[in-house]
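Step one of this worksheet: look at the structure below.
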Amino acid sequence: YNTAGRATAVCMSLLFRTVRSTVQTGSVNPYDSGRTHRHLISVWHDAAAMAVFGAKHSGMAALTSRHRDGTFVASTLQMAGIRVVRGSTGKSGQRAARELLDVAQSSDIVITPDGPRGPRRKVSNGIVFLASHSGNSILPTGFACSRGWEIKGSWTTLTIPQPFSKVVTLIGEPIGVPAEVPRARLHDFAGTVQQAMEELQRQAYRKLQSVDRSELSRSQSTLTRVLT
């Protein structure tokens with residue numbers, strides 16, 4: 001393990017023990033270890049930390065770069081119990097794609113559809129291509145955090161929840177992609193995933209506000225009982 005990646009994973013695990021997490025799933029719960037069918041879990045790049053450390057998972061894999069920063073990320077993911085496939089959009093991209101297709105038969109794969117170079121929160125065709133060739137449906141997601149640090153990168157940020165903050169995780173309904181879909185139609189399905197991700201993101205923010213209002217109401221009721 002990369003030392004920095006190992007230390008990061010330990011710190012993140014401790015941090016997320018203080019986070020109050022709410023997870024809402026649809027017909028598929030990717031955190032259910034008893035499932036037999038696997039999916040591609042679509043997560044915006046800025047929500048990757050919440051996806052990895054926000055709930056207990058099993059049988060998941062992810063793609064990381066072969067560059068030095070990818071080694072750090074790979075070590076962090078491995079410490080979190082996630083299988084890593086090393087590759088990139090460059091020369092090793094085809095090898096990584098073949099390995100991902102093999103891994104997809106036995107593992108869920110976490111995909112950041114707007115990575116590795118952006119644009120931010122814009123679904124690229126890669127996740128649709130992988131769904132078409134693997135036969136696995138895409139699970140869109142939405143994440144919201146009440147208080148967090150925004151770690152700035154070259155084209156996006158990474159949200160790290162602050163201690164004792166609240167995180168809402170929403171898992172949408174599976175989006176199927178036909179086998180061997182023509183390249184000309186990849187963009188159409190990417191648009192469908194885009195719409196689902198945007199709607200889940202809005203719902204996650206509304207859910208977070210609802211949790212805050214509910215807690216405020218309970219606090220006010222408790223204070224009223226104490227005073228009377």
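Just so it is clear, the structure is predicted and the values come from calculations on it, not from any experiment. Numbers here simply count residues along the sequence, with the first being 1.
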**Study point:** Separation of R98 CZ from L100 CG (nearest 0.5 Å)
**Key:** 11.5 Å
Point to revise | T64 side chain to A74 backbone, donor-acceptor under 3.5 Å | key: no
**Study point:** Note, M60 side chain near R83 side chain (heavy atom, < 4.5 Å)
**Key:** no
Review point. Got a second to check how far L139's CG is from I171's CD1, nearest 0.5 Å?
Key: 7.0 Å
Point to revise | Gap separating the CG atom of N136 from the CG atom of L101, nearest 0.5 angstrom | key: 9.0 Å
**Study point:** Point-to-point distance, once rounded to the nearest 0.5 Å, from OG1 of T22 to NZ of K207
**Key:** 6.5 Å
Practice item. Could you state whether F143 and Y205 fall into the same hydrophobic cluster, counting links through intermediate Ile, Leu, Val, Met, Phe, Trp or Tyr residues with side-chain heavy atoms under 4.5 angstrom apart? Key: no
Check your understanding: Are side-chain heavy atoms of V19 and S165 found at a separation under 4.5 Å?
Key -> yes
Study note, to complete from the structure: All heavy atoms of A49 vs all of M12, minimum pair found to be CB-CE, 3.6 Å
Point to revise | Pair I138-F189, side chain to side chain contact (heavy atoms under 4.5 Å, CB included): steps then yes or no | key: CA-CA 10 Å; I138 299 169; F189 287 97; over 6 Å; no
Review point. What are the two closest heavy atoms between A62 and I82, and how far apart are they?
Key: N-CG2, 3.9 Å
Check your understanding: Under the 3.5 angstrom rule, does the side chain of Q162 hit a backbone N or O of R147 as a donor-acceptor pair?
Key -> no
Review point. Considering all heavy atoms of both residues, which atom of Y31 and which atom of K56 are nearest to each other, and what is their separation?
Key: CD2-O, 3.2 Å
Check your understanding: Rounded to the nearest 0.5 Å, what separation is found between the NE2 atom of H187 and the CD atom of Q194?
Key -> 9.0 Å
Review point. Do the side chain of H57 and the main chain of V52 share a donor and acceptor less than 3.5 angstrom apart?
Key: yes
Review point. So, does T76 use its side chain to make a donor-acceptor pair with the main chain of G5 at under 3.5 Å?
Key: yes
Exercise for review: Say whether, by atom type as modelled, one donor and one acceptor occur between the side chain of T18 and the main chain of L15 under 3.5 angstrom.
Suggested key: yes
Practice item. Kindly say whether S75 contributes a backbone atom to a donor-acceptor pair with the side chain of R6 at under 3.5 angstrom? Key: no
Point to revise | Main-chain N/O of R38 paired with D108 side-chain donor or acceptor, under 3.5 Å | key: no
**Study point:** Contact check, side chains of Q203 and Q24, non-hydrogen atoms, under 4.5 Å
**Key:** no
Exercise for review: Can you see which heavy atom on V167 is nearest to which on M50, and at what distance?
Suggested key: CG1-SD, 3.9 Å
Check your understanding: Sub-3.5 Å donor-acceptor pair from the side chain of S124 to the main-chain atoms of P113, do we have one?
Key -> yes
Review point. Any side-chain heavy-atom pair from R35 and V28 closer than 4.5 angstrom?
Key: yes
Check your understanding: Are F164 and L208 connected in the hydrophobic side-chain network, where two residues link if heavy atoms are under 4.5 Å apart?
Key -> no
Practice item. Would you tell me whether Q195 and E199 have side-chain atoms, one donor and one acceptor, within less than 3.5 Å of each other? Key: no
Point to revise | ILVMFWY cluster, W149 and W155 together (side-chain gap under 4.5 Å) | key: no
Study note, to complete from the structure: For G54 and S21, the nearest pair of non-hydrogen atoms, with its separation, is O-OG, 3.4 Å
Point to revise | I127: which of N125, L130, V123 passes side-chain contact (heavy atoms from CB on, under 4.5 Å) | key: V123
Check your understanding: Roughly how far, to the nearest 0.5 Å, is the CH2 atom of W44 from the NZ atom of K122?
Key -> 8.5 Å
Practice item. Mark yes or no for whether S210, through its side chain, and R206, through its backbone, hold a donor-acceptor pair below 3.5 Å. Key: no
Check your understanding: Do the side-chain N and O atoms of R86 and T71 include a donor-acceptor pair separated by under 3.5 angstrom?
Key -> yes
Check your understanding: Does L77 belong to the same Ile/Leu/Val/Met/Phe/Trp/Tyr cluster as I160, with side-chain heavy atoms less than 4.5 Å apart forming each link?
Key -> yes
Point to revise | Stepwise side chain to side chain contact (heavy atoms under 4.5 Å, CB included) test for E150 and T159 | key: CA-CA 5 Å; E150 300 294 329; T159 300; 3.1 Å; yes
Point to revise | Under 3.5 Å donor-acceptor, S13 side chain and A9 backbone | key: yes
Study note, to complete from the structure: In short, I41 meets T141 closest at the heavy-atom pair CG2-CG2, 3.9 Å
